[in-house]
Amino acid sequence: MKVVIGQGSCGIASGAKKTESEFRKQLVERDLKNVTLDKTGCIGTCYLEPIVDVYGDDGQLQARYVKVQPDRVSAIVEEHLIGGTPKAEYMISDEDAAILAGQKRIVLRNCGLINPERIEEYMEADGYKAAKKALTEMTPEEVIEEVKTAGLRGRGGAGFPTWFKWNAARQSAGKEKYIVCNADEGDPGAFMDRSVLEGDPNSVLEGMIIGGYAMGACEGIIYVRAEYPLAIARLETAIDQAREKGFLGKGVFGTDWDFDIRIKAGAGAFVCGEETALIASLEGERGMPRLKPPFPAQKGYWQKPTNINNVETYANVAWIILHGGEAFAAYGSGPSKGNKVFALAGKIKKGGLVEVPMGLSLRDVIYKTGGGIKNDKEFKAVQMGGPSGGCIPAELIDTPVTYEDINKTGAIVGSGGMIVMDENTCMVDMARYFLDFTQKESCGKCNYCRLGTKRMLEILERITNGEGRDGDIELLEELAEKIRDGAMCGLGQTAPNPVLTTLKYFRNEYEDHIYRHKCTAKSCKALISYHITDKCVGCTLCARQCPVNAISGTVKQQHTIDPEACIKCGKCAENCRFGAIEIQ
């Protein structure tokens, strides 16, 4: 019997290490030598962590337990591991199990199922068969053609055809070529790449081996942000084990092709998600974009032909080679082929990772897969594409998730982050948040991005502080257009998108802030005030929760809030059991 504990970042943050320690203690105390403990990565249902799977001696899953804190371990050991009867009340619900079972996983095919630190488990799941097939049975041109048939597009945000980039690098002159994996995942609310690297690093290595063979590369580099220590550690383990197996190094798979992969830890600059800035960082320079052309496929790392794709793109490649491009293309819609991994975050019930076919509607992703909005509040909008994306309003919730359809809304698919917002989200403040992020992360190389985003942020801060002026909306639009047209790189050009989309779909909220000094969502502190209504029964709970003693009154009498002392933290409203706190 085997007990497997989910130990991706989400599981560890939820207490998986303590759960593991308790299991070890229980197994020793009860002398259960026939039970082994193991680890795995995130299976996607982050909201259920820590997750514990119990497998029988036949390798079949007997039970999946969720939210397993140390105090639940004893009952699981007693009733299941010893008594043979699964502890039903701790197991995953039918609804959550159905959500997992309903996903056809390609990128996440092994995440949460295998030990990411043991290459043998990856190989048992058909790992490295595709690389061997490509190197020993296919020409580089045939590999590229298979990827073309699949219709695989870059999953990092641009959606550019992968085969085209590989072919361009292959056709470039020179024997010294490089293949790079962009794992510099910087979008707020996005954690797809991190989870894949933590849960199935070998799938990325195998994809890079195949891509390196196709373009004729001599070396692979994984550029991963240093804030991902667990991902880096598991990548290092996977690379070492792949070398021991002969999958990396001299004479890969017994061929005359030498190829190895190394890791470069980046300092976490958002702009290094742009490929030319990433290359500059790899070369030891400050991460700043370069003018194109020439493109990296012609002159990239050290001026040599270079191909760059992100983690998710490479994680698809082995499956495509093993099962065929047509099998991959059977998923998706129109020119948006295959599946896409999304990170669901924000005001959503079932936050975590999902992998769904391209073409599924936003409604299905948010409500069927994500379980809907927290506390059953009204869905207001979803931010897609991170700081470079935009807000899609409730009236467009039936938009298919394809590159083309999402672009029409003014947002982008991006790397796959979805931040869901409910009725209490202020869209002006949301735009301010993303502009603040972009402005701080600007590399400063071009005036449009460095100064333009700063001026836009100043205007948004004034508006959310109740100091908006007539003409601010028009000035925001003018600045946004100039930044979009004048910035040097894609990150600068898309920086105004959160403002432009919120102006397009939620212009009334800007007008309320500026002309009526009112925050529609009752969120901006400068534009709201708290009042106690006659529903108050004088329980004194609000007064006891107030951190600045702004609430006064006697027991069983209506209380009052001193507007001068109130810091508008909202604790009174959060804790009032009678709905007596009103926000105006």
Side-chain angles (χ1 to χ4, degrees), residues 44 98-108 149-162 187 189-190 192 310 312-313 315-316 319-320 325-373 378-386 388-422 427 494 497-498 500-502 504-506:
I99 289 174
L100 278 173
Q103 297 177 45
K104 171 59 183 177
R105 296 187 162 202
I106 295 176
V107 172
L108 303 178
T149 300
L152 177 64
R153 296 165 67 171
R155 296 303 198 242
F160 198 77
T162 301
D187 289 4
M192 301 77 57
N310 84 321
E312 185 180 342
T313 308
N316 276 299
W319 193 95
I320 290 171
E326 290 184 0
F328 184 85
Y331 299 100
S333 174
S336 295
K337 304 294 187 185
N339 291 349
K340 179 76 188 78
V341 179
F342 291 100
L344 302 182
K347 303 298 181 66
I348 194 160
K349 290 180 179 178
K350 301 180 186 297
L353 290 182
V354 299
E355 184 171 353
V356 296
M358 298 287 279
L360 203 66
S361 72
L362 283 171
R363 183 186 299 276
D364 285 340
V365 175
I366 294 169
Y367 280 92
K368 289 186 179 180
T369 308
I373 312 303
E378 289 294 319
F379 168 69
K380 188 171 189 178
V382 59
Q383 171 79 11
M384 288 191 66
S388 301
C391 293
I392 302 173
E395 58 262 32
L396 297 180
I397 194 173
D398 291 310
T399 300
V401 181
T402 67
Y403 291 104
E404 294 73 26
D405 289 301
I406 296 298
N407 287 350
K408 289 175 185 177
T409 69
I412 60 174
V413 171
S415 60
M418 278 193 188
I419 300 180
V420 179
M421 292 164 269
D422 67 12
M427 303 311 294
T494 57
N497 280 354
L500 289 172
T501 52
T502 50
K504 179 179 180 181
Y505 299 116
F506 302 96

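In this chain, residues are counted from 1 in sequence order.
For the pair L344 and V365, the minimum side-chain heavy-atom distance is below 4.5 Å. Within the 4.5 Å cutoff, the side chain of P357 has no heavy atoms near those of the K104 side chain. Inter-residue side-chain proximity for M418 and M384 is flagged as met; some heavy-atom pair is nearer than 4.5 Å. Looking only at side-chain heavy atoms (C-beta outward), I373 and Y367 come within less than 4.5 Å of each other. Put simply, the side chain of V401 reaches to within 4.5 Å of the side chain of L362, judged on heavy atoms. Looking only at side-chain heavy atoms (C-beta outward), Y403 and M358 come within less than 4.5 Å of each other. Taking 4.5 Å as the limit, every side-chain heavy atom of N339 sits out of range of all side-chain heavy atoms of V107. Between N407 and I412, some side-chain heavy-atom pair lies under the 4.5 Å cut-off.
Summarising the local packing, CD of E378 is surrounded by 12 or fewer heavy atoms from other residues, nucleotides or ligands at distances under 6.0 Å.
Checking side-chain atoms of N497 against main-chain N and O of G390 turns up no donor-acceptor pair under 3.5 Å. Listed for the S361 side chain is no donor-acceptor partner under 3.5 Å among the backbone atoms of D398. The backbone N or O of G332 sits nowhere less than 3.5 Å from a side-chain atom of S336 that would complete a donor-acceptor pair. Here the side chain of T369 pairs no donor or acceptor atom with the backbone of I366 at under 3.5 angstrom.
Residues that satisfy the side chain to side chain contact (heavy atoms under 4.5 Å, CB included) test with L152, not counting sequence neighbours, are V147, R155, T162, T313, N316, V317, I320, F328. Applying the salt bridge (Lys or Arg N to Asp or Glu O under 4.0 Å) criterion to K350, with sequence neighbours excluded, gives E95, D96. The salt bridge (Lys or Arg N to Asp or Glu O under 4.0 Å) search around K349 returns D376, not counting sequence neighbours. Scored by the salt bridge (Lys or Arg N to Asp or Glu O under 4.0 Å) test, E404 finds R153 as partners (sequence neighbours excluded). Partners of L396 according to the side chain to side chain contact (heavy atoms under 4.5 Å, CB included) rule, which considers only residues two or more places apart in sequence or in another chain, are I392, P393, T399, T409, Y505.
Pairs passing the salt bridge (charged side-chain N to carboxylate O under 4.0 Å, His left out) check and including a residue from residues 335-344, sequence neighbours excluded, read E312-K340.
How far CE of M427 is from NZ of K380: 6.0 Å, rounded to the nearest 0.5 Å. Between the CG atom of L353 and the CZ atom of F342 there is a distance of 11.5 Å, given to the nearest 0.5 Å. One distance of note links CE of M192 with CG of L108; it measures 10.5 Å at 0.5 Å rounding.
Taking all atoms of both residues into account, the shortest heavy-atom contact from A190 to G417 is CB-CA, 4.4 Å. Closest approach of C391 to T502, counting heavy atoms only: SG-CG2, 3.8 Å. Of all heavy-atom pairs between T501 and G410, the closest is CG2-O, 3.5 Å. Between G385 and D187, the shortest heavy-atom contact is O-OD2, 3.6 Å. Residues I348 and G372 come closest through the heavy atom pair CG1-O, 3.3 Å.
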Would you sort out whether T402 and D405 count as a side-chain hydrogen bond (donor to acceptor under 3.5 Å, both in side chains), showing the intermediate values?
CA-CA 5 Å; T402 67; D405 289 301; 2.7 Å; yes
